[in-house]
Enquirer: 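I'd like to ask you about the structure that follows.
Everything quoted here is computed from the prediction, not taken from an experiment. All chains are named by letter (A, B, ...) in the order of the sequence lines, taking the proteins before the strands, and each is independently numbered beginning at 1.
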2 protein chains.
Amino acid sequence: MLRLNRQTDYGIMILTCLVREDDKAMPPRLLSAPEIATASGLALPNVSKILKALVRGGILQSRRGVQGGYQLSRLPADISIQQIITALDGPISMTDCAGEGPEQCDVSSLCPMSANWKYINDKIVETLESITLEQMAIPGGVLAAANNDSDSTRNPEGE
Amino acid sequence: MLRLNRQTDYGIMILTCLVREDDKAMPPRLLSAPEIATASGLALPNVSKILKALVRGGILQSRRGVQGGYQLSRLPADISIQQIITALDGPISMTDCAGEGPEQCDVSSLCPMSANWKYINDKIVETLESITLEQMAIPGGVLAAANNDSDSTRNPEGE
DNA sequence: CAAATCAGGACCAAAGTGGTCCCCTTTTGG
DNA sequence: CCAAAAGGGGACCACTTTGGTCCTGATTTG
Ligand code: FES
Ligand code: FES
């Protein structure tokens, strides 16, 4: 179904929660994992696992110890959905032959699709790179952005 | 990794083989599953399973009995990658909340992402809808088409 | 030093995927 | 009319992946 895994779905949901909390408390403070679990309505162990992965991916900053917690490492407008997906689900790679390195599939000499797969993969990465966490946190935020640029979206008559 | 399953990968490879075979034999004839398995280098049982799914998805036509086999049900230019993926991997749906029907996730009232997910999902479907099997069967076929439309490739300096 | 809090990873149950095989129906042709 | 050639549908199982929990250790505060 070309579905991204549930951790990633949860992760984006958690991050939109953080954006809203940040908006509330103007001096941005650290939120602990239990606080975030409560705010998002998810179980603590799972939230904790996701938060750690987001730190490793550079999306969040953390501080240990008493009064420690998590906060966004950049502005929501500077975090793309693609970066979040990469942090929680690994790099986007539709097929073996679409990956970055020379890890082509075994029949790459016979079949002419490798370059095409890479192109398709790039297009999808571009799409996900163009969506920011800030937009994602607003209902219809992406659609609002698309209205300024609606010419490039649909081509009803085809190329 | 946002990877589509291997059956789908194989399926597209098989279809590109069929396109090339069709080009060779101008009176387009039916190819049997064993012939296709040989041409693609895959195991017969697996190829057979994939071919059946492609028939169900309307991509291929089949005829039973002696001298039976498979052929494309439309021109390669009229078959999109999206249709093939849907036939072999089900409808594209990045998250629960991105699906078509009212099958929203349980927290859809709390979280504002549903409309945004649907938008992102649509963008990806559009991308995959715009790639044809004909392009896919040519090395660099998609890139050649993109050259006529190169304004859409943004971020030249990126990556 | 004790409490709070994150870091890393082990662990297991559940679900999904990949691949093979079997039995049935349809079609051709002797 | 029957045998052989082909596809149709699905069962089946081994393997992998995912989802979720928990434990132990490191760091910070006071
Ligand atoms: S299937 Fe990998 S290069 Fe063609
Ligand atoms: S996570 Fe499903 S609507 Fe928000």
Enquirer: Can a donor-acceptor pair be found, under 3.5 Å and without considering hydrogens, that links the side chain of Asn116(A) to the backbone of Ile138(B)?
Expert: yes

Enquirer: Need to verify one output field. Residue with the more 5' nearest nucleotide on DNA chain D, Ala33(B) or Ala43(A)?
Expert: Ala33(B)

Enquirer: Quick one: closest heavy-atom pair of Thr127(A) and Ile131(A), and the distance?
Expert: O-CG1, 3.4 Å

Enquirer: Would you be so kind as to tabulate the donor-acceptor pairs closer than 3.5 Å made by side chains of residues 41-67 of chain A, with sequence neighbours excluded?
Expert:
none

Enquirer: More 5' along DNA chain D: Pro34(B) or Lys52(A), using each one's nearest nucleotide?
Expert: Pro34(B)

Enquirer: Can you find a pair of side-chain heavy atoms, one from Met94(B) and one from Leu2(B), that are under 4.5 Å apart?
Expert: yes

Enquirer: Each nucleotide N or O in nucleotides 27-30 of chain D that has a protein N or O under 3.5 Å away: list the pair and distance.
Expert:
{"unit_1": "dT27(D)", "atom_1": "O4'", "unit_2": "Arg64(A)", "atom_2": "NH1", "d": "2.9"}

Enquirer: Do Lys118(A) and Asp122(A) have side chains that get closer than 4.5 Å, going by heavy atoms?
Expert: no

Enquirer: Could you check how far CE of Met1(B) sits from P of dT17(D), rounded to whole Å?
Expert: 8 Å

Enquirer: Could you tell me, to 10°, how much the axis swings from one end of the helix from dC1(C)-dG30(D) to dG30(C)-dC1(D) to the other, five pairs per end?
Expert: 10°

Enquirer: Using the side-chain heavy atoms of Asn5(A), tell me which of these nucleotides is nearest: dG7(D), dG20(D), dG19(D).
Expert: dG19(D)

Enquirer: Rounded to the nearest Å, what distance is computed from the CG atom of residue Leu44(B) to the C1' atom of nucleotide dG7(D)?
Expert: 11 Å

Enquirer: Under the 3.5 angstrom rule, does the side chain of Asn121(B) hit a backbone N or O of Ile92(B) as a donor-acceptor pair?
Expert: yes

Enquirer: Which is the 5'-most and which the 3'-most nucleotide of DNA chain C that has an atom under 4.0 Å from a heavy atom of chain B?
Expert: dG18(C) to dT28(C)

Enquirer: Residues in salt bridge (charged side-chain N to carboxylate O under 4.0 Å, His left out) with Glu134(A), at least two apart?
Expert: none

Enquirer: Ile14(A) CD1 to dG20(D) C1': how many Å, rounded?
Expert: 13 Å

Enquirer: Check this for me, if you would: do Arg3(B) and Asp96(A) make a salt bridge, where the nitrogen-to-carboxylate-oxygen distance has to be below 4.0 angstrom?
Expert: yes

Enquirer: Take atom CZ of Arg3(B) and atom C1' of dT16(D), then tell me their distance rounded to the nearest Å.
Expert: 14 Å

Enquirer: If we only count heavy atoms from C-beta on, is the Met13(B) to Cys97(A) side-chain gap below 4.5 Å?
Expert: no

Enquirer: I want to confirm an ordering. Mapping Asp89(B) and Leu31(A) to their closest nucleotides on DNA chain C, which one lands closer to the 5' end?
Expert: Leu31(A)

Enquirer: Give the rounded distance in Å between these two atoms: CD of Gln7(B) and P of dC15(D).
Expert: 17 Å

Enquirer: Is there, by distance only and without an angle test, a donor paired with an acceptor across the side chain of Lys49(A) and the base of dG19(D) below 3.5 Å?
Expert: no

Enquirer: For the pair Asn5(B) (side chain) and Asp89(B) (backbone), establish whether a donor and an acceptor sit closer than 3.5 Å, ignoring hydrogens and angles.
Expert: no

Enquirer: Mind checking side chain to side chain contact (heavy atoms under 4.5 Å, CB included) for Ser32(A) and listing every partner two or more places apart, or none if nothing turns up?
Expert: Pro34(A), Glu35(A)

Enquirer: Check whether the side chains of Glu126(A) and Ser130(A) place a donor and an acceptor atom closer than 3.5 Å, and report yes or no.
Expert: no

Enquirer: Hey, does the side chain of Tyr10(A) come within less than 4.0 Å of dT18(D)'s phosphate (OP1/OP2), counting only N and O?
Expert: no

Enquirer: Glu35(B) has an atom CD; how far is it from atom C1' of dA5(D), in whole Å?
Expert: 12 Å

